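Keep in mind the model is a prediction, meaning the values are calculated, not measured. We name chains A, B, ... by the order of the sequence lines, and we start the count at 1 in each one.
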There are 2 protein chains.
Amino acid sequence: MSLRHALLGLLAHGSASGYDLLGTFQGSLANVWPATQSQLYGELNRLADAGLISVVAEGPRGRKEYAITDTGRAELQRWLTEEEPERNRRNDMLLRVFLLDLVEPAQARAFLDREAALAAERHESLRKLDESIEWDDSPLSRYGRLTLEWGLRATAMHREWAEWAAARIDAGGRRRGG
Amino acid sequence: MSLRHALLGLLAHGSASGYDLLGTFQGSLANVWPATQSQLYGELNRLADAGLISVVAEGPRGRKEYAITDTGRAELQRWLTEEEPERNRRNDMLLRVFLLDLVEPAQARAFLDREAALAAERHESLRKLDESIEWDDSPLSRYGRLTLEWGLRATAMHREWAEWAAARIDAGGRRRGG
DNA sequence: CATCACATGTAAAAGGTTACATGATTCT
DNA sequence: AGAATCATGTAACCTTTTACATGTGATG
């Protein structure tokens with residue numbers, strides 16, 4: 001149930017409306033914890049019912065501004081320091097690689113080429129994002145940079161792996177080693 | 001709905017019972033596409049109803065042996081060659097890093113140290129697995145090795161990143177660059 | 001005869017996606 | 001006046017997790 005903690009975490013940095021938060025989920029959190037509008041408004045109401053956040057102001061067009069409560073802050077701390085992160089093991093792309101012997105080698109090769117190209121694209125787009133952000137010494141900036149660096153390294157790794165794997169397919173069953 | 005295609009993929013390599021398949025999901029697929037018993041038996045029945053697989057033998061203790069049908073094989077091909085892999089963007093660990101400014105630097109540092117240590121452990125366990133398997137020139141062996149290599153590279157990358165990030169926290173807000 | 005491994009099933013709850021639905025305010 | 005943006009909510013459906021539930025066959 002990490003959406004709950006993502007919301008608490010954002011509200012711990014300052015109060016905001018559901019609409020504001022949605023923007024963050026579609027922006028800086030898009031590559032970390034995306035959430036839909038539908039999911040977000042529902043969870044905000046549940047959080048308010050549970051007393052972890054509260055409406056601190058109402059604005060035009062039914063806007064509700066939420067702030068984190070002391071209870072919410074305590075729960076957030078507990079989650080950050082005591083709860084083990086869930087490791088996400090499902091990987092559609094790897095499942096396909098595992099089954100890639102079911103298609104022609106040329107198609108397998110094409111699949112890996114595409115993976116390499118897409119990883120290169122994602123890497124480049126993260127690199128540009130990195131350049132475009134004016135990183136300062138603020139806490140969010142400091143830790144945000146760490147997550148972006150993870151993305152840069154993950155995409156680089158993925159690309160290198162896909163290129164290596166594609167070359168191995170070309171080598172056929174004749175060769176071993178990497 | 002990749003569980004469906006994982007099952008089709010396994011059955012394309014030879015017929016098996018739900019119980020057999022469960023073993024594979026808890027074994028070689030554990031790091032790629034884990035599935036629970038409950039989910040698996042339900043999906044097998046749905047696949048049979050849809051005509052993508054069929055019961056080819058019944059054994060003791062109610063054992064049902066399934067084989068993939070031509071329709072199933074066609075669907076599997078379509079999925080492998082035409083459908084874009086779903087990219088899994090949710091990452092609980094990165095979400096925490098993003099919010100790590102909410103805890104003391106020492107706790108943030110401890111979090112990253114633990115990530116580095118866990119990644120090292122997972123890497124080592126994959127390395128041992130790699131050594132223990134007698135890779136041959138069979139197709140499953142060849143492509144299975146590619147997925148394992150991905151795991152080796154991912155865990156290595158994750159460890160290096162966590163060590164780099166931990167060092168940056170020690171450097172505090174005073175420094176830039178990596 | 002007891003235990004372990006084999007073997008399958010159902011039900012409830014939680015979390016996520018997609019689509020539907022509505023309305024107010026601001027900008028051009 | 002019309003369009004874009006702001007702003008929230010609901011409903012149906014799907015997937016996954018956890019727990020419950022049952023029974024057979026082989027082995028010591």
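The nearest whole Å value for the distance from the CD atom in B/Glu58 to the C1' atom in C/dA7 is 12 Å. For the pair A/Leu95 CG and D/dT15 P, the interatomic distance rounds to 15 Å; values are reported in whole Å. Separating the CD atom of B/Glu43 from the C1' atom of C/dG9 is a distance of 15 Å, rounded to the nearest angstrom. If you take CG of A/Leu29 and C1' of C/dG16, they are 17 Å apart, rounded to a whole angstrom. One interatomic measurement links the two molecules: CD of A/Glu86 to P of C/dA14, which rounds to 15 Å at whole-angstrom precision. Rounded to whole Å, atom C1' of C/dC6 lies 11 Å from atom CG of B/Leu22. Here D/dC14 presents its C1' atom at 12 Å from CZ of B/Arg4, a figure rounded to the nearest Å. For the pair B/Tyr41 OH and C/dA11 C1', the computed distance is 17 Å after rounding to whole Å.
A salt bridge links B/Glu84 with A/Arg114; the closest basic N to acidic carboxylate O contact falls under 4.0 Å. Salt bridge annotation for A/Arg96-B/Glu82: absent, with no cationic side-chain nitrogen under 4.0 angstrom from a carboxylate oxygen. A salt bridge links A/Glu124 to A/Arg127: one of the charged nitrogens lies within less than 4.0 Å of a carboxylate oxygen.
Using a distance-only test at 3.5 Å, with no hydrogens or angles considered, no donor-acceptor pair links the side chain of A/Trp135 to the main chain of A/Gly144. Remark: the backbone N or O of B/Asp137 is paired with a side-chain donor or acceptor of B/Arg142 at under 3.5 angstrom.
Each of C/dT17, C/dT18, C/dA24 was ranked by its minimum atom distance to the side chain of B/Arg90; first place goes to C/dT17. Listed candidates were C/dT18, D/dT18, D/dT16. Nearest to the side chain of A/Ser38 is C/dT18. The nucleotide whose nearest atom lies closest to any side-chain atom of A/Gln39 is, among D/dT16, C/dG16, D/dT8, C/dG16. Candidate nucleotides D/dT16, C/dT25, D/dG23 were compared by shortest atom distance to the side chain of B/Arg61, and D/dG23 ranks first. In this structure, of C/dT8, D/dG9, C/dG16, it is C/dT8 that holds the atom nearest to the side chain of B/Arg63.
Mapping A/Gln37 and A/Pro34 onto DNA chain C by nearest heavy atom places A/Pro34 at the nucleotide closer to the 5' end. With the nearest nucleotide of DNA chain C identified for both B/Pro60 and A/Met1, B/Pro60 has the one nearer the 5' end.
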